[in-house]
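Labels below follow one simple rule: chain letters A, B, ... track the order of the sequence lines, proteins then strands, and each chain is numbered from 1. Since the model is a prediction, treat every value here as computed from it, not as a measurement.
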2 protein chains.
Amino acid sequence: MDAIAQPLPEETSTIADRVFGQLRLAIVEGKIPAGSKISEPETAARLGISRGPLREAMRRLEACNLVERRPNIGARVITLSNEQLIEIYLIREALEGMAARLAAERMSTAGIKDIKALLEQHRREIARDDWQAYFQKEGDMDFHYRIVQGSGNQRLIGILCDDLYHLARMYRCQFGMVSNRARDALKEHELIVDAIAERDGELAELMMRRHIRASRQNVERQLATDTTT
Amino acid sequence: MDAIAQPLPEETSTIADRVFGQLRLAIVEGKIPAGSKISEPETAARLGISRGPLREAMRRLEACNLVERRPNIGARVITLSNEQLIEIYLIREALEGMAARLAAERMSTAGIKDIKALLEQHRREIARDDWQAYFQKEGDMDFHYRIVQGSGNQRLIGILCDDLYHLARMYRCQFGMVSNRARDALKEHELIVDAIAERDGELAELMMRRHIRASRQNVERQLATDTTT
DNA sequence: TCAAACCAGATTGTCGACACTTTGAATGGA
DNA sequence: TCCATTCAAAGTGTCGACAATCTGGTTTGA
């Protein structure tokens, strides 16, 4: 179901790899509070491991921009600001636009059929009860995930699926962001897939960018009214 | 001069950070051959350090996609394929296009003046002797580097300057790629800066994307004629 | 009373050593 | 001669311990 969780084989042989996945999940889901310090002795003891593998995992988290580290002081979970959320949306607009273009050129017809089936399922879910917005939001990520996979560009896939999507999920988990535009989003998704099915890369990119831009502007509106930070 | 080297304070307090920078530079410049295995005991001894900090540095290199690591086997420097080079150009097209758009909206007038001065200098260099294509190529990176900085989007800056630009430089160093379109590139650079100076984000993005696309197509032509891989 | 120096405790950075896995060659049998 | 097995050497993964640094509170002096 959850396509994002896939990159973790969960039975990797080395402790450092496993702990990296655990910590990333804990940070993304907010089980380790944003901005909190991660003490090496305490964390190592809690996980029942030594500090060596833990430090290796921390270095990878640092490279993913999930923790900030200062020499001789320690590592803290990043704090989420509204500005950074907007930054991510802008990058996604550019990157996923390109992904949609490439997917239109290179995706297999079978893959396109799969996505259409996914959207059909989303349509049924939304028709049943609209309030399941959060669930739909995860479905939204599923959709984007598949488009990116369809691009076939390994490095593009890596940037989005290994780093940015985790960050986006972190924002969703922590701010409890609920989409109030599930219907509009589904409509836009369908237009994107139509363009891909027509092998119209230019249109697919245009539609994807417009879709993500709309999401961003929606978030910006919410942030402006919610709390004046 | 070399704006890329800047992110290395070079006197970071921890060994792991320093070694990370050293190894990244050595890999990018080809001093550690592509595809070669990096032995931990040997490398640690050569650098006069222990294996602990070295492993931390390797984990960061792994996260930067500069080395591939397999548990219980070891780490190898990535091997460069033509396909991956094209992948990077496609990502740069999307990302730097967005950067140019943002720079047009947010860059300071002083920063724009600086870039204009840089281009003026490039113009003089090219007028003197065109064969200094490689030098111009580094200048080309300088230009792109400044545009990205001008975007003000910290995460965008990080993706491009911390990861992609090092990879791009790695390709240039290893394949000894020489630009045969310095004059065209300069012209395109000037059009981009003009659009930014006019605060026309849409045009700036369009021009930047066209510029990078032209570079990519030029490389594709060279690769097609050079060696039929 | 306030500020600067100081000191103890804890934390990070680094190292050397041990256990487990892989690798490659040598050995033995068919 | 060729293939499977065995075994030793090297390398990776992990751990515990020591040195260097930071933190916060206490003491001391003006």
Side-chain angles (χ1 to χ4, degrees), chain A residues 7-27 31-79, chain B residues 7-27 31-79:
Chain A
L8 294 177
E10 198 53 54
E11 199 43 58
T12 338
S13 50
T14 128
I15 292 183
D17 289 332
R18 209 161 19 209
V19 165
F20 168 71
Q22 286 180 238
L23 287 180
R24 181 170 66 178
L25 194 62
I27 291 173
K31 287 173 182 168
I32 303 178
S36 68
K37 177 166 159 53
I38 298 183
S39 161
E40 289 182 11
E42 184 215 316
T43 309
R46 187 161 48 82
L47 297 177
I49 62 172
S50 169
R51 278 179 53 218
L54 175 62
R55 283 176 66 86
E56 291 181 27
M58 299 289 293
R59 281 330 242 263
R60 286 180 65 185
L61 291 174
E62 181 190 6
C64 291
N65 289 298
L66 281 173
V67 305
E68 286 170 345
R69 211 183 48 81
R70 285 193 312 178
N72 288 313
I73 292 187
R76 312 189 78 87
V77 179
I78 57 165
T79 57
Chain B
L8 293 177
E10 199 52 59
E11 199 43 58
T12 339
S13 50
T14 127
I15 293 183
D17 289 333
R18 211 160 20 211
V19 164
F20 168 71
Q22 286 180 239
L23 287 180
R24 182 171 64 179
L25 194 62
I27 290 173
K31 287 173 182 168
I32 303 178
S36 68
K37 179 167 156 50
I38 298 183
S39 161
E40 288 183 12
E42 184 215 317
T43 308
R46 187 160 48 80
L47 297 177
I49 63 171
S50 169
R51 279 178 52 218
L54 175 62
R55 283 176 66 88
E56 291 181 28
M58 300 288 292
R59 281 327 244 260
R60 286 181 65 185
L61 291 173
E62 180 190 8
C64 291
N65 289 298
L66 282 173
V67 304
E68 287 170 343
R69 211 182 49 80
R70 286 193 312 177
N72 288 313
I73 292 186
R76 312 190 79 86
V77 179
I78 57 164
T79 56

For Arg46(A), I'd like to know if atom CZ has over 12 heavy atoms of other residues, nucleotides or ligands within 6.0 Å.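 For Arg46(A), atom CZ is crowded (more than 12 foreign heavy atoms under 6.0 Å).
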
Using a heavy-atom cut-off of 4.0 Å to chain B, what are the terminal contacting nucleotides of DNA chain D, in 5' to 3' order?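 Range of nucleotides within reach of chain B: dG11(D) to dT14(D).
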
List for me each residue that meets side chain to side chain contact (heavy atoms under 4.5 Å, CB included) alongside [X], sequence neighbours excluded, and say none if there are none.
X: Ser50(B); value: Pro53(B)
X: Leu47(B); value: Val19(B), Gln22(B), Thr43(B), Ile49(B)
X: Ser36(B); value: Ile32(B), Pro33(B), Val77(B)
X: Lys31(B); value: Ala26(B), Glu29(B)

Over all atoms of both residues, closest heavy-atom pair of [X] and [Y]:
X: Thr79(B); Y: Gly35(B); answer: CG2-CA, 3.4 Å
X: Thr14(B); Y: Pro71(A); answer: CG2-CB, 3.7 Å
X: Arg51(B); Y: Ala44(B); answer: CG-CB, 4.1 Å

To the nearest Å, give me how far apart [atom1] ([X]) and [atom2] ([N]) are.
X: Arg70(A); N: dT12(C); atom1: CZ; atom2: P; answer: 13 Å
X: Glu56(A); N: dG13(C); atom1: CD; atom2: P; answer: 14 Å
X: Asp17(B); N: dT12(C); atom1: CG; atom2: P; answer: 15 Å

Within residues 31-53 of chain A: residues closer than 4.0 Å to DNA chain C (heavy atoms): Lys37(A), Ile38(A), Ser39(A), Glu40(A), Pro41(A), Arg51(A)

Check DNA chain C against residues 59-68 of chain A and give the residues with a non-hydrogen atom under 4.0 Å, in numerical order. none

Could you list the donor-acceptor pairs under 3.5 angstrom formed by side chains in residues 54-64 of chain A, with sequence neighbours left out?
residue, atom, partner, partner atom, Å
Arg55(A), NE, Glu56(B), OE2, 2.7
Arg55(A), NH1, Glu40(A), OE1, 3.3
Arg55(A), NH1, Glu40(A), OE2, 2.9
Arg55(A), NH2, Glu56(B), OE1, 3.4
Arg55(A), NH2, Glu56(B), OE2, 3.3
Glu56(A), OE1, Arg55(B), NH2, 3.4
Glu56(A), OE1, Arg59(B), NH1, 2.5
Glu56(A), OE2, Arg55(B), NE, 2.6
Glu56(A), OE2, Arg55(B), NH2, 3.3
Arg59(A), NE, Glu62(A), OE1, 3.3
Arg59(A), NH1, Glu56(B), OE1, 2.4
Arg59(A), NH2, Asp17(B), OD1, 2.5
Arg60(A), NH1, Asp17(A), OD1, 2.7
Glu62(A), OE1, Arg69(A), NE, 3.3

Would a 4.5 Å heavy-atom cut-off, applied to side chains only, mark Ile27(B) and Arg24(B) as touching? no

Are OP1 or OP2 of dT12(C) and a side-chain N or O of Arg55(A) less than 4.0 angstrom apart? no

